[in-house]
Amino acid sequence: MTKFSVDLTNCDREPIHIPGKIQSHGFLIAVDKNTFSITYLSENTGDFLKEQAKNLLNQSLSGLNHLIQQHNPEFNIEDLLKLGIIRKSFDAISPHPVEINGNPFYLIISPSDDNWLLEFEPVTLQYDIQSSIGRSASSMLQGKSVAALLSSAALEVKKLINYDRIMIYKFLDDGHGEVVAEEKEDNLEPFFGLHYPASDIPKQARELYKLNLTRLIANVNAQDSQIITFKEDQPLDLTNGGLRAVSPIHIQYLKNMGVHSSFSISLISHGELWGLIACHNYSSKFIDYKAREGSKLIGQILSSALEYRQDEEDAEVIKQFKDTASVLAEHLDRDKYLVEAITTHKTNILDVTKAGGVAIIFENELKTIGNVPSAEEIWELSHWLKNTSDESIYYTHRLPEIHSPAKKYKSTAAGILSCTLNKELGEMIIWFKPEIISNVNWAGNPEKPAAPSENGLLSLSPRKSFEIWSQVVNNTSEKWLAEEIASVLRIREIIITDINKKANEIRQLNEKLQAAYEELDTFSYTISHDLRTPLTSIKTYAELLLKNKSIDEGGRKMLDRILNGANKMNFLIKEILNLARVGRSDVVFETVDMDSLLNEIKNEVLTAFKADSSELILGQLPNLKGDRTMIAQVFTNLIGNAVKYSMMADKPKIEVYGTVEGGEIIYAIKDNGIGIDNRYYDRVFELFKRMDNVKEIEGTGVGLAIVKRVVEKHNGRVWFESKLNVGSTFYVAFKNG
Ligand code: ADP
């Protein structure tokens, strides 16, 4: 026989369904399906039957019949096989009670390729267990939660087979397992909550577990019995056999744990191996076929109850996610700001998945909920994501393996699920799941050393398993469920629709505003224009009347006021016309000779305000590219204001100079005048807006509105710095070239 060294890596390759031997508490005979002649025989057959049984090989079944007694002496094994063949199943026939040398045995028949397996094992159970199984099933199903269901199933199996320890072992992501329920003798150390690496139960063993739902290892120390045959190169497939000998690796595993007998029952959900009911006894203990069948039934009842509960839980999760999506959709509808809508309410964006934390990167700002890495780490991650993934959605449950900076924060984010809102702007939402290992409880004493290795073989024990498992799940979070991914895609759709809707609303508002502006421009232009003619008449006739000698002093004063009013009105109309003109006309770009322009404006302004005592210094005056008329308006207004609002200063001083900075030419117009209250910073540029401290000084509140419009038309910028009673500096920046 091939000797396997105990090494976890060769577990997956071991052909455990054709071990070439059986456990020796029973014996096995295989017969050819067509000829009914005996093709295989376990070596220990002679121990149970008479010594000459060995000669049965290649004989017909009749030789066997007289070694085995049946209740009905007329009935023989051949008839039994034919009955099973007609019925197409041996379920109702197995176990068939027989007697061997005066002792009760069961004969269990199952198929194996071209052969029938006839397995004989002793009957040890004297009472009928049918009714106790019925009771077990009903008390088991009373548990409402999955946890209660599992622990009562463990208890019922314990009652039935009376092993020292019954564990329910669940396969989690990546095939590793966790003990999720346990029923045990009080003196034993608990294994509840322990995790095992997938390698503890190799792949082909799992396949067998799906085909054959129970396995008994009655005594790990008993010698197995070889199967002998004349078909040298055709090993007998024992997949369906109950006596199948188990792998030496598995035996070593059990021995290391001090286990003498082991029994396991498969739990199948939706056709997949959900887990096992794993039973350990610390002395050798055979379980009667009927008790095994009873346990199998409990396993099947548990499987279907789990399947049902799991479906219910899945449906509940999907419903919760859908409900969250519709609540968030309502918030998005009602709230003005997106981030506020999805983060500030009781139901928020974190509820879209089962993650522990979430980060939203939108309009260059970061907002987080729950357990997340630091802000710098999230920004770094978001840049990496932007460059890594072209897809609208990206997820991994092993981030530190893919992106090494994540090693630092794997306790909060070993897994991420991100969705892009706007790729160019790097806008996205990222959900985080913590590393599993940080969440796991080690039920035993973590300081306790692993079991010492025996005979130089790799030592396998729960403690060792946990260590191996810890390495396997290092850097790993729980996997993202299909439901979570669907939920994120759902919410992404809702958010993007909302962004588009809001952008559309803004666009429409902009269009309306644009139209309103244009209308207003036309309106002001027409009105101002039409007002000028009657105003000129008023002015002209008032001036004519003033020249009339017959008008007395009182009349003259009134006429002066009329003229004054008409002049002010004329000025205002001119200003509005200027503003309207800026709106209506296109920018004609040319190089503007600033030196000559500003000298012209300087003289004009100083004369207009009769500001003889004001000092106006022109510094560096780099040329600008832009519309000469409009730029003249900008500087006339800004220099005009500087002169006007500094006239009452001790020594009024105005400085004008330009600097080239980066791609811009920035002009500063600086005065030492009355200043502007910073509280009204944004309002200064509004049309007709004048500050409280300028009530005594004439003005219309149109100048800065014109400045702003012109600058915007040139794609430039305008801003100011000011201190009350100290002075103001206005800056205008134009694109250089
Ligand atoms: P106005 O015709 O009143 O000067 P503007 O639109 O040019 O209208 O300016 C708007 C307001 O901004 C002014 O009324 C004044 O309160 C304030 N302001 C503008 N420039 C200055 C400045 N250099 N110093 C102090 N206040 C200023």
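Hydrogens, waters and symmetry mates are skipped; everything else that's a heavy atom, side chains included, is used. One-based numbering, in listed order, for ligands and for the atoms of each.
- Below 30°, between 30° and 60°, or above 60°: for Phe635 and Tyr667 the angle between ring planes is above 60°, a perpendicular geometry.
- The contact set between ligand 1 and Val684, taken as ligand atoms under 4.0 Å from a residue heavy atom, comprises 10 (C), 12 (O).
- For the ligand labelled ligand 1, residue Ser728 lies inside the 4.0 Å heavy-atom shell.
- With respect to atom 3 (O) of ligand 1, the closest heavy atom belonging to the protein is Arg690 NE, 2.5 Å.
- Between Gly703 and ligand 1, at least one N/O pair is under 3.5 Å apart.
- When heavy-atom distances to ligand 1 are checked against a 4.0 Å cut-off, Phe685 has no atom that comes that close, whether in backbone or side chain.
- Atoms CG and CG, from Asp692 and Asp677 in turn, are 8.5 Å apart once rounded to the nearest 0.5 Å.
- Close contacts between ligand 1 and Val694 involve ligand atoms 14 (O), 15 (C), 16 (O) [criterion: under 4.0 Å to a heavy atom].
- Under 3.5 Å, the side chains of Thr729 and Glu721 contain no donor-acceptor pair of N or O atoms.
- Near Gly699, meaning under 4.0 Å from any of its heavy atoms, are these atoms of ligand 1: 2 (O), 3 (O).
- In the candidate list Lys689, Lys644, Arg683, Lys689 is nearest to atom 11 (C) of ligand 1, counting heavy atoms.
- Residue Thr700 places at least one N or O, backbone or side chain, under 3.5 Å from an N or O of ligand 1.
- Any N or O atom pair closer than 3.5 Å counts here, and Tyr645 shares at least one such pair with ligand 1.
- In terms of protein heavy-atom proximity, atom 23 (N) of ligand 1 is nearest to Asp671 OD2, 2.9 Å.
- Each of Lys410, Lys407, Lys408, Arg398 was compared with Glu435 under the salt bridge (charged side-chain N to carboxylate O under 4.0 Å, His left out) criterion, and only Lys410 meets it.
- At a cut-off of 3.5 Å, with distance as the only test, a side-chain donor of Ser374 or Glu377 sits close to an acceptor on the other residue.
- Listed by chain and number, the residues in a side chain to side chain donor-acceptor pair (under 3.5 Å) with Asn672 amount to none (sequence neighbours excluded).
- Counting heavy atoms closer than 4.0 Å to ligand 1, residue Val702 contributes backbone atoms (N, CA, C, O) but none from C-beta onward.
- Salt-bridge annotation for Lys708 and Glu712: present, with a side-chain N of the basic residue lying under 4.0 Å from a carboxylate O of the acidic one.
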Salt bridge (charged side-chain N to carboxylate O under 4.0 Å, His left out) assessment of Lys433 paired with Glu484
CA-CA 12 Å; Lys433 277 190 183 181; Glu484 292 179 294; 2.9 Å; yes
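- With Trp431 as the partner, the side-chain contact (heavy atoms from CB on, under 4.5 Å) test is satisfied by one option alone out of Ile369, Ile416, Val372, Ile349: Ile349.
- Residue Met691 has at least one heavy-atom neighbour below 4.0 Å for each of these atoms of ligand 1: 14 (O), 16 (O).
- Ranking protein heavy atoms by distance to atom 6 (O) of ligand 1, first place goes to Leu704 N, 2.7 Å.
- Nearest to atom 26 (N) of ligand 1 among the protein's heavy atoms is Ile676 CG1, 3.3 Å.
- Among Leu572, Asp692, Asn641, the residue whose heavy atom lies nearest to atom 19 (C) of ligand 1 is Asn641.
- Relative orientation of the Phe589 and His714 rings is perpendicular, given thresholds of 30° and 60° on the angle between their planes.
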